[in-house]
Structures are given as C-alpha cells and as structure tokens.
Amino acid sequence: MIPKLIIESIKFNKGNAIKLDDSSITIFVGGNNVGKSVGLKNLYNLTHPNGYSVTHKVIEHVDLKTTGSGEEFISFLQTDDYNTHINGENQINIGGYLRDLDFAGKIWEKNQGKDFGNIFIKLLMTENRLNFSNNVESKDFYKDKPNHPIHLMYLDENIELSISEYFKKAFNLDLVVDRFAGKLIHLKVGTRPTLVEGENHLSKSYNERIRVLPMLRDQGDGMRSFVSILLEMISKNHHSLLIDEPEAFLHPPQARLIGKLIGTLFTERQIFISTHSSDLIKGILESKNEKVNLIRIQREEEFNTGSLLSNVDIETIWKDPVLRYSPILDGLFHENVIVCESDGDCRFFNALLEAQFQSDPRYYRISDTLFIPAHGKAKIPNIVKALKKISVPTFTICDFDILNNISPLKELVESHNGDWSIIQTKWNIVYNAVNQIKSQLDKEEAKSAILEAFDSVSTPNLNQKQVEKIREVLKVSTAWSFAKKSGVNFIPSGQAHSACLEVLEYLNSIGIFPLTVGELESFDKSIGGNKSKWLEEILKKDFSNSDVVPEAKRFLSHIVDSIYK
C-alpha cells in the first residue's frame with residue numbers, strides 16, 4: 001500500500017464537522033471575509049508542527065489518517081524520486097527534527113500524522129506560488145535526485161510538451177525549457193522554435209532561438225501563477241494540496257481552464273481550494289470529477305460554520321443545461337440570493353434595488369443581493385433547495401399565478417422549509433374560487449377574435465406580432481389569465497380574498513414573495529407590447545423618481561425589510 005496522510009474530517013470553530021473522502025476536491029466558498037483563506041492556513045497549521053501566524057481559527061480540528069505499514073513508509077521514502085526531505089541516506093525531517101528512517105517508521109505506525117505534514121501536505125498561497133515557477137538550479141542528475149518539477153520538465157521532453165500544451169490553451173503561447181543556460185534552468189514563453197534541415201535539439205542555432213525567448217519570470221502574475229499550479233500537477237511530492245485562490249490574476253476563461261485541469265489531473269490527490277470564482281468551480285465541474293465537495297463558510301462574529309454541498313447535490317443542478325449556464329453558482333459568494341422566474345425579472349428588480357436603496361444605511365449589505373433567473377416556475381424549487389443546503393439565504397419572487405397549481409407551489413414551499421399543510425386548506429379555497437369564475441372569453445368570442453386576427457393579415461405568412469396577438473386571445477380564455485394580470489385584486493371578495501391574504505402572508509414568512517399585482521408588467525400598465533418591450537421601456541425610466549413604479553417599490557421594500565431586519 002502506498003503510504004498517504006489523509007485529512008478525514010474538518011471541524012469548524014462553532015462545532016460542526018464535515019467528513020471527507022480520500023482523493024476528493026473540497027472547495028471553500030462564501031462571501032468576503034468569512035475565513036476561506038484563513039481556513040486553509042488553519043488546515044496547514046493543524047497538519048504541520050510549525051505553521052502560519054493567524055489571529056482566528058476558522059477550522060479548529062482535523063482528523064488525520066495514515067495508510068501503509070512502517071516498512072512501506074520507509075520503502076516509500078527510499079524509492080520516491082521526488083521526495084525533497086531525506087538528508088543523506090538514513091535521515092528524514094519529521095516534525096522539525098532529523099530522525100533515522102527506522103525510527104520514522106515506528107512513529108508512522110503510531111498514526112502521529114501531524115509529524116509528517118511537511119512530506120504529504122503543501123500550502124500554495126497566492127504570495128508564495130508566484131516564485132515557484134522561477135528559474136531553478138540545475139543538478140548533477142547522475143548523483144542527485146530531482147527536487148523540483150522544473151527538473152522533471154528538464155529531464156523529460158514529453159512532460160515539457162504536456163505542460164506546454166495546457167499553457168498554450170490559456171495564453172496561446174508555448175512554455176519552453178532552456179536547457180543550455182548553465183547553472184540555472186530557465187522557463188521561456190513564446191513560439192517554440194522548429195528544427196530546420198540539418199539541426200537537432202543540441203544544435204547551437206536551435207538553442208540560440210530558445211535563448212532569446214522571454215523569461216517566464218518576467219511575465220505577468222497570471223502566467224506565473226498558472227504555471228506554478230501546472231508544476232504541482234506533475235510533482236509527486238505531496239498527496240494533499242491546499243491552494244488559495246487558483247484563479248488569482250487570471251481572466252475568467254483561464255480560471256475555468258485551470259479548474260478543469262485541477263479536476264482532471266488531481267484525481268489521485270486530496271485538494272482543498274479557497275475561491276471567489278464561479279468560473280473556477282464550473283471548470284472543476286466540467287472535468288466530471290465525481291469527488292467534488294462545495295463547503296460554504298459563514299461567519300457570525302467570531303464563530304464559523306461550514307455547510308456541505310456534495311457531488312450528488314451538485315449533479316442535480318449540473319445535469320440541467322439551463323441551470324448549468326445560469327449564474328446560480330455565483331450565489332455561493334453573495335450574502336443573499338433572490339430567485340426569479342426570468343432574466344427580465346432579475347434585471348428589473350436589480351435596477352430598482354440599486355436606485356431605491358442607495359442612501360439606505362443597510363446598502364453595503366443590500367447591494368450584496370444576487371438575483372438569479374430560474375427560467376420558469378418549475379425549476380425554482382431545485383435551485384432554492386440546492387442553495388439552502390449550503391446555507392445560502394435564498395428567497396423567491398414569482399408571478400401571482402404560482403397559486404394556479406399545487407405543483408410547483410407545494411415543492412417551492414417545501415424547498416423553503418415550509419409546511420404545506422399549514423396553507424393547503426386556504427389555498428384550496430382560493431384555487432376553487434378562481435376556477436369557478438366564468439371563462440373571460442367563451443368559445444364563440446374566442447373564435448371570432450382569432451378570425452379577426454387572421455383577417456387582418458394581408459400576407460401569406462404570419463409575422464411574430466400577429467402570432468403574439470393570437471396567443472393573447474387564447475390566454476384570456478381562463479380566469480387565471482386575468483388573475484395573473486391583476487393579482488390579489490382579482491380574487492373574489494369575502495372568504496376567498498381573506499384566504500388569499502393568509503396564504504400570501506405565510507408564503508412571505510418563509511421567503512416566497514408572489515407579485516401581489518399579478519405580473520411584472522402590471523407595475524406600469526401604461527406601457528404596451530410584450531414583456532421584452534415592456535422591460536426595454538421601463539428600464540429607461542428614472543427609478544429614483546418617487547412617481548415611477550411606486551407599487552413595485554413598496555413590494556421590494558417589503559422584501560428587503562424581511563431579509564435585512
């Protein structure tokens with residue numbers, strides 16, 4: 001058995017613990033200043049005798065497990081070509097002290113994992129990994145073992161070309177090893193020289209073309225950071241890597257690529273990542289790695305908790321192509337998320353929020369609200385359920401006709417941790433009352449209106465505007481179509497109206513806010529046309545003017561006051 005040091009579980013300072021798999025990728029997410037990077041430093045300190053100076057313990061305990069016998073551990077130290085810690089032939093650095101290998105084997109069998117952190121666990125902070133891709137000293141490889149991944153690139157052209165291929169996908173440049181620089185091995189960037197007739201890899205003319213290529217060490221932080229992570233991918237030094245913000249200094253497509261490479265190439269290692277990037281997470285998920293965990297860290301004063309979204313939970317979202325390309329993952333980094341039915345709803349309420357609460361003393365928190373489109377009512381419950389599972393405070397804004405069907409209303413209530421039985425009877429009263437209202441357009445009236453629409457067409461084919469007109473005729477054939485446009489005011493007075501208000505009150509109490517006016521367009525009925533046209537016109541208005549969409553402002557104020565009490 002290959003010896004490994006495995007982090008089996010982590011315990012946050014508020015007491016909750018999360019179990020982890022060997023060779024899993026665990027991603028720390030959350031808002032600003034909740035302790036993602038500090039959590040990585042805590043992990044390092046808990047697995048090493050000497051660590052980083054930190055003022056706060058986000059993670060206060062880890063459970064470690066060693067695999068393999070003492071003899072296997074000694075054999076591993078003697079045969080691992082990439083181990084950098086052996087001093088001479090019979091000693092190794094354990095817990096900051098040089099120990100004989102036999103003694104190291106005995107300590108290993110006692111499962112004193114922390115003493116071996118320097119062998120198996122490495123922390124890559126943003127500040128220290130930039131220099132990891134700098135030039136390294138060459139060696140007498142007849143006598144000395146390679147102790148840096150650049151040595152591996154130097155010794156094996158296939159490794160060099162593999163790393164260069166990944167680098168080129170990100171920056172459209174090659175990564176080239178300069179093997180003729182004397183005491184130092186340089187990494188160069190640019191177009192890899194091609195051999196011309198009469199040349200080979202040892203030809204002076206060929207290596208002169210490599211020599212004039214720019215140094216990697218002189219390039220931007222994005223390139224250097226990217227290469228440092230690539231180098232760790234080929235290094236066999238450490239079973240576990242703690243990587244702080246791999247996306248740092250990278251553009252979104254490059255962050256997505258490095259995420260995909262991490263998910264693909266680190267499958268046999270245990271990886272912990274802190275990140276602010278949904279692009280990095282999407283890249284990791286695109287790798288189809290089946291051992292990915294998202295842990296959202298929250299902080300209340302000095303207490304931290306972590307909530308887990310496992311790979312199974314992630315798959316529920318990721319298998320849906322509509323949700324996969326939505327901003328749902330961005331919700332992991334915001335204080336609150338409001339799920340809406342459509343992108344248009346999100347745009348309207350986001351613009352209104354910014355204009356309405358600029359001078360509010362809570363604005364620094366209110367502005368950290370993210371609106372996410374669900375692309376229809378049916379998908380809202382799954383989005384809410386997934387975000388709430390990792391403790392993202394999540395709320396819903398939907399059209400009034402969410403009351404038109406038990407599904408997805410019941411599922412939505414349950415996704416918000418509500419109890420459907422509390423409102424079932426009241427909802428039945430509302431539902432039946434609306435259904436008993438006579439159709440707003442009988443058969444003959446509908447037929448006449450549709451024929452009138454057809455007769456107004458002088459061309460052989462219907463255009464989009466004419467198709468929409470016919471659709472509108474069909475829509476108004478039910479009472480619920482009017483309820484969707486008018487909201488609470490359409491509900492018959494008396495018992496049904498009272499029941500409707502009670503249902504809405506309960507829905508609001510659990511974070512569900514149906515539009516009391518019916519639908520978005522009902523906030524300003526002076527604008528005609530379809531929803532796209534309405535949205536285009538309404539967003540041109542000055543929302544800071546108190547006379548503009550006052551009902552919408554009252555509706556949004558109610559939601560904000562419910563969230564930010």
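Small disclaimer: the values here were computed from a predicted structure and weren't measured.
- Aromatic ring pairs are classed by plane angle as parallel below 30°, tilted from 30° to 60° and perpendicular above 60°; the pair Phe226 and Phe171 is perpendicular.
- Considering only residues two or more places apart in sequence or on other chains, Asp345 meets the salt bridge (Lys or Arg N to Asp or Glu O under 4.0 Å) condition with Lys531.
- Sparse packing is recorded around CD of Glu290, with 12 or fewer heavy atoms of other residues, nucleotides or ligands lying under 6.0 Å away.
- Atom NZ of Lys389 sits in a sparse spot, with 12 or fewer heavy atoms from other residues, nucleotides or ligands closer than 6.0 Å.
- Partners of Lys385 according to the salt bridge (Lys or Arg N to Asp or Glu O under 4.0 Å) rule, which considers only residues two or more places apart in sequence or in another chain, do not exist here.
- With sequence neighbours left out, Asp343 forms a salt bridge (Lys or Arg N to Asp or Glu O under 4.0 Å) with no residue at all.
- Pairs engaging residues 1-10 under the salt bridge (charged side-chain N to carboxylate O under 4.0 Å, His left out) rule: Lys4-Asp22, Glu8-Lys65 [sequence neighbours left out].
- Put simply, the side chain of Asn42 gets close to the backbone of Val58: a donor and an acceptor are under 3.5 Å apart.
- With respect to Lys410 and Glu414, a salt bridge is recorded, a charged nitrogen being found less than 4.0 Å from a carboxylate O.
- Looking at Val29 and Ile295, their side chains never come closer than 4.5 Å, going by heavy atoms from C-beta outward.
- Nearest heavy-atom pair across Leu241 and Glu232 is CD2-OE1, 3.8 Å.
- Between the side chain of Ser75 and the backbone N or O of Glu71 there is no donor-acceptor pair closer than 3.5 Å.
- Scored by the salt bridge (Lys or Arg N to Asp or Glu O under 4.0 Å) test, Glu505 finds no partners at all (sequence neighbours excluded).
- Remark: of the listed residues Leu175, Val136, Asn158, Leu175 is the sole one forming a side-chain contact (heavy atoms from CB on, under 4.5 Å) with Met153.
- Between Ser287 and Gly263 the shortest heavy-atom distance is OG-CA, 3.3 Å.
- Contact of the Asn32 side chain with the His276 side chain is registered, since non-hydrogen atoms from C-beta on lie closer than 4.5 Å.
- With 3.5 Å as the limit, one finds no donor-acceptor pair spanning the side chains of Asn16 and Thr305.
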task = Take His558 and Phe513, measure what ring pair (Phe, Tyr, Trp, His ring centres under 6.0 Å) needs, and give me the verdict at the end.
result = CA-CA 9 Å; His558 171 57; Phe513 299 92; 5.7 Å; yes
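- Here Ser24 pairs with nothing under the side chain to side chain donor-acceptor pair (under 3.5 Å) rule; sequence neighbours left out.
- Between Phe141 and His151, the ring center distance clears the sub-6.0 Å criterion.
- Counting all heavy atoms, side chain and backbone alike, Tyr564 lies closest to Arg362 at O-NH1, 3.0 Å.
- Closest approach of Asn289 to Val292, counting heavy atoms only: O-CG2, 3.6 Å.
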query = What's the verdict on side chain to side chain contact (heavy atoms under 4.5 Å, CB included) for Val227 and Tyr166, showing C-alpha distance, side-chain angles and the deciding distance?
reply = CA-CA 9 Å; Val227 171; Tyr166 300 135; over 6 Å; no
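- For the pair Phe348/Leu353, no side-chain contact is recorded, criterion being any heavy-atom separation below 4.5 Å from C-beta on.
- Using a 4.0 Å cut-off between charged nitrogen and carboxylate oxygen, Asp221 and Arg224 count as a salt-bridge pair.
- Aromatic ring centres of Phe12 and His61 lie farther apart than the 6.0 Å criterion allows.
- Checking Ser557 against Gln356 by side-chain atom types alone, a donor-acceptor pair falls below 3.5 Å.
- Taking all atoms of both residues into account, the shortest heavy-atom contact from Cys346 to Ile372 is SG-C, 3.4 Å.
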request  = Could you give me the CA-CA distance, side-chain angles and deciding distance for Glu245 and Lys36, then say whether salt bridge (Lys or Arg N to Asp or Glu O under 4.0 Å) is met?
outcome  = CA-CA 9 Å; Glu245 298 185 13; Lys36 299 184 293 293; over 6 Å; no
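- Aromatic ring centroids of Phe395 and Phe371 lie 6.0 Å or more apart.
- Checked options Lys14, Gln298, His56, Glu60; the residue passing with Asn304 is His56 (criterion: side chain to side chain donor-acceptor pair (under 3.5 Å)).
- In this structure, Lys57 places its NZ atom where only 12 or fewer heavy-atom neighbours from other residues, nucleotides or ligands lie under 6.0 Å away.
- No side-chain donor from either of His375 and Ser342 sits under 3.5 Å from a side-chain acceptor of the other.
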